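Step one of this worksheet: look at the structure below.
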There are 2 protein chains.
Amino acid sequence: MEIKLSEIPLFKNVQESDIQMLLSGIVFQRKTYAEGSMVVSQGDECNRLLLLVEGTVKGEMISPAGKSLKIEDMQAPYALATAFLFGKSSIFPVNIIAVTEVSFIIIQRQEVIRLFQKSEQILLNYLSIISSRAQFLSEKLRFHSFKSLKAKIAFYLIKEAGKDNSFRLLQSQNELAELFGVARPSVGRAFLVLQEEGLIDIRYRQVEILDRKRLIEYCNE
Amino acid sequence: MEIKLSEIPLFKNVQESDIQMLLSGIVFQRKTYAEGSMVVSQGDECNRLLLLVEGTVKGEMISPAGKSLKIEDMQAPYALATAFLFGKSSIFPVNIIAVTEVSFIIIQRQEVIRLFQKSEQILLNYLSIISSRAQFLSEKLRFHSFKSLKAKIAFYLIKEAGKDNSFRLLQSQNELAELFGVARPSVGRAFLVLQEEGLIDIRYRQVEILDRKRLIEYCNE
DNA sequence: CTTGAATTGTCACAATTGTTACATTTGAAG
DNA sequence: CTTCAAATGTAACAATTGTGACAATTCAAG
């Protein structure tokens, strides 16, 4: 079932009738791919915006020997490879493969720019999409800059706590393990160590920060 | 020494005279900060573009206890926090502190948009800056998605090798260690293991890929 | 062709994290 | 208030990575 255009983030806060009008003023293409087909090949030039309006695709890196590495799944509505349309490198780094039957709206770069000129809202939406992605990546990467798992967790706890010293964890240990890039029991163990050292008290998801100062120092270890 | 405006990435490929004309048509501000002063506080709303035109600043996370974590250094010419001007979160996540005496051109968000409307080139430059940053972050993050250091290195080697089986490393082990987020001897050790297993031959920076297929399989371990 | 700083190879031991497994507790649904 | 699946606590052992140290090699400058 194809989604409504106004549900696509790029067209957020634009009325359906306006979207139709805007689209009628530019050149674009609708295209459908069968399940399993390759939408984009690694190495292709990214000179068009791909709006996934129906279905699910996956990104894969492909190697000369034919083995593939799955990178991520994306499902409609989604704007593909937004960072490659205007970035320094305009080469798709991955293959995009249709997991289900999928359909796209495809707009050439020059026409995307025309769309920006016609609608400030669409420009702002595009800026928001790509900015939010950069924020997301940046936030994720920050955790990897800490030396030890305990440091990551100390940082996380301080960030989550805000000004309070007592709060409940919003994410499960499984989710935290994925965020930090470690195994689940390691997360629990790190919590335990911080508790043994008297920095926090944790009982299931209820956390008390006992020694905020030392917890902060832990971030640098 | 203040740099020329045309050296600022945002004004790339715009003639100096045109820049002057464009700037005269919008509201903006020049501001100078003394060494050590705080340019932006963590938690401030990011509703303006900060173009660093002279000097160096650092980003720091500050904690309630007063201890700080250095995040990164930035030197002129640099556009600060581009991802926060149009992203979902518009709160500065860090303090920005002047390392030297610094000077900025400050443009409110609404005026930045007007600048985009007046100059397609500037819009493209902004899109390029933020897109390239997302690409950079994405590329860096990819390495953290591998389970082991050997997998990261296998992936790196395949990417660097391209179609050839023989090549020279372009980066030192120190640089690689930083890229992968590990200690330097660990990099050497991982190379050694891959060599002992007969996947590669490495002698200082000269690498031969002996078994590309198994090397690729290593990426999934 | 020297020379010396930078890079790389290597080692032993410490510390951290992964793996597997299972018991316990929680919290939502009935 | 039960019940049960999901989440958490915990343990033992394996595997990986960090640390610090030093020798060997490379490479660029003279």
Side-chain angles (χ1 to χ4, degrees), chain A residues 140 143-157 160-161 166-210 214-215 217-221, chain B residues 140 143-157 160-161 166-210 214-215 217-221:
Chain A
K140 207 162 176 186
F143 280 108
H144 291 285
S145 69
F146 292 106
K147 283 191 177 176
S148 70
L149 175 56
K150 278 185 288 185
K152 292 175 192 180
I153 287 183
F155 178 78
Y156 175 82
L157 289 175
E160 287 296 296
S166 180
F167 64 101
R168 280 184 75 76
L169 292 177
L170 299 175
Q171 291 164 282
S172 73
Q173 285 190 7
N174 258 322
E175 292 170 315
L176 294 180
E178 193 172 347
L179 174 62
F180 302 144
V182 299
R184 199 269 306 170
S186 298
V187 173
R189 183 165 41 200
F191 277 137
L192 191 64
V193 172
L194 291 175
Q195 175 157 338
E196 280 168 354
E197 297 185 15
L199 304 187
I200 63 172
D201 188 62
I202 181 167
R203 186 177 163 74
Y204 293 91
R205 286 182 161 189
Q206 189 60 38
V207 180
E208 309 281 335
I209 293 182
L210 302 177
R214 277 207 291 150
L215 197 57
E217 284 165 5
Y218 237 121
C219 296
N220 290 313
E221 279 167 19
Chain B
K140 207 163 175 185
F143 278 108
H144 291 285
S145 69
F146 293 104
K147 283 191 176 174
S148 71
L149 176 56
K150 278 185 288 186
K152 291 175 192 180
I153 287 183
F155 178 77
Y156 175 82
L157 288 175
E160 286 295 299
S166 181
F167 64 101
R168 280 183 76 77
L169 292 177
L170 298 176
Q171 291 164 282
S172 73
Q173 286 190 6
N174 258 321
E175 291 170 316
L176 294 179
E178 193 172 348
L179 175 62
F180 302 145
V182 298
R184 199 270 306 171
S186 298
V187 173
R189 183 164 41 200
F191 277 136
L192 192 63
V193 173
L194 292 175
Q195 175 158 341
E196 281 167 353
E197 297 185 14
L199 304 187
I200 62 171
D201 188 63
I202 180 168
R203 185 178 166 73
Y204 293 93
R205 287 184 157 186
Q206 189 61 37
V207 179
E208 310 281 333
I209 293 183
L210 301 178
R214 277 206 290 149
L215 196 59
E217 284 165 7
Y218 237 120
C219 296
N220 291 312
E221 277 168 23

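Everything numeric here is computed off the predicted structure, so don't read it as measured data. Protein chains get the first letters and strands the later ones, always in sequence-line order, with residue 1 at the start of each.
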Between [X] and [Y], what is the shortest heavy-atom contact and its length?
X	Y	answer
B:Ala151	B:Cys219	CB-O, 3.9 Å
B:Ile209	B:Ala161	CD1-CB, 3.5 Å
A:Gly198	A:Leu210	O-CB, 3.5 Å

Tell me the interatomic distance from [X], atom [atom1], to [N], atom [atom2], rounded to whole angstroms.
X	N	atom1	atom2	result
A:Glu175	D:dA6	CD	C1'	12 Å
B:Asn174	C:dG9	CG	C1'	14 Å
A:Tyr218	C:dT16	OH	P	8 Å
B:Ile153	D:dT16	CD1	C1'	13 Å
B:Leu194	C:dT10	CG	C1'	16 Å
B:Leu176	C:dA6	CG	P	19 Å
A:Leu192	D:dA11	CG	P	8 Å
A:Phe191	D:dT8	CZ	P	9 Å

Hey, what do you get for [atom1] ([X]) to [atom2] ([Y]), rounding to the nearest 0.5 Å?
X	Y	atom1	atom2	answer
A:Ile200	A:Leu192	CD1	CG	9.0 Å
B:Arg203	B:Gln195	CZ	CD	10.0 Å
A:Tyr204	A:Ile202	OH	CD1	11.0 Å

Close N or O pairs between protein and nucleotides 17-20 of chain C (under 3.5 Å):
| from | atom 1 | to | atom 2 | distance (Å) |
| --- | --- | --- | --- | --- |
| C:dT17 | OP1 | A:Leu149 | N | 2.7 |
| C:dG18 | OP1 | A:Ala183 | N | 3.4 |
| C:dG18 | OP2 | A:Ala183 | N | 3.0 |
| C:dG18 | OP2 | A:Ser186 | OG | 2.5 |
| C:dG18 | N7 | A:Arg189 | NH2 | 2.9 |
| C:dG18 | O6 | A:Arg189 | NH1 | 2.9 |

N/O donor-acceptor pairs under 3.5 Å from side chains in residues 166-182 of chain B, not counting sequence neighbours:
| from | atom 1 | to | atom 2 | distance (Å) |
| --- | --- | --- | --- | --- |
| B:Ser166 | OG | B:Gln206 | NE2 | 3.2 |
| B:Ser166 | OG | B:Glu208 | OE1 | 3.4 |
| B:Ser166 | OG | B:Glu208 | OE2 | 3.0 |
| B:Gln171 | OE1 | B:Tyr156 | OH | 2.7 |
| B:Ser172 | OG | B:Asn174 | N | 3.4 |
| B:Ser172 | OG | B:Glu175 | N | 3.2 |
| B:Glu175 | OE1 | B:Ser172 | N | 2.8 |

The bend of the helix from C:dC1-D:dG30 to C:dG30-D:dC1, taken between the axes of its five terminal pairs at each end and rounded to 10°, is 60°

Below 3.5 Å is the cut-off: list the nitrogen or oxygen pairs between protein and nucleotides 25-29 of chain D, distance only.
| from | atom 1 | to | atom 2 | distance (Å) |
| --- | --- | --- | --- | --- |
| D:dT25 | O4' | B:Tyr204 | OH | 2.7 |
| D:dT25 | O3' | B:Tyr204 | OH | 3.4 |
| D:dC27 | OP1 | B:Arg168 | NH2 | 2.6 |

Kindly indicate whether the side chain of A:Val207, heavy atoms from C-beta on, has any atom under 4.5 Å from the side chain of A:Phe191. no

Partners meeting side chain to side chain contact (heavy atoms under 4.5 Å, CB included) with B:Glu197 (sequence neighbours left out): B:Lys150, B:Val193, B:Leu199, B:Tyr218

What pairs with B:Arg214 under salt bridge (Lys or Arg N to Asp or Glu O under 4.0 Å), at least two apart in sequence or on another chain? B:Asp211

Salt bridge (Lys or Arg N to Asp or Glu O under 4.0 Å) filter on A:Arg184, not counting sequence neighbours, yields none

Presence of B:Gln173 side-chain N/O under 4.0 Å of C:dG9 phosphate oxygens OP1/OP2: yes

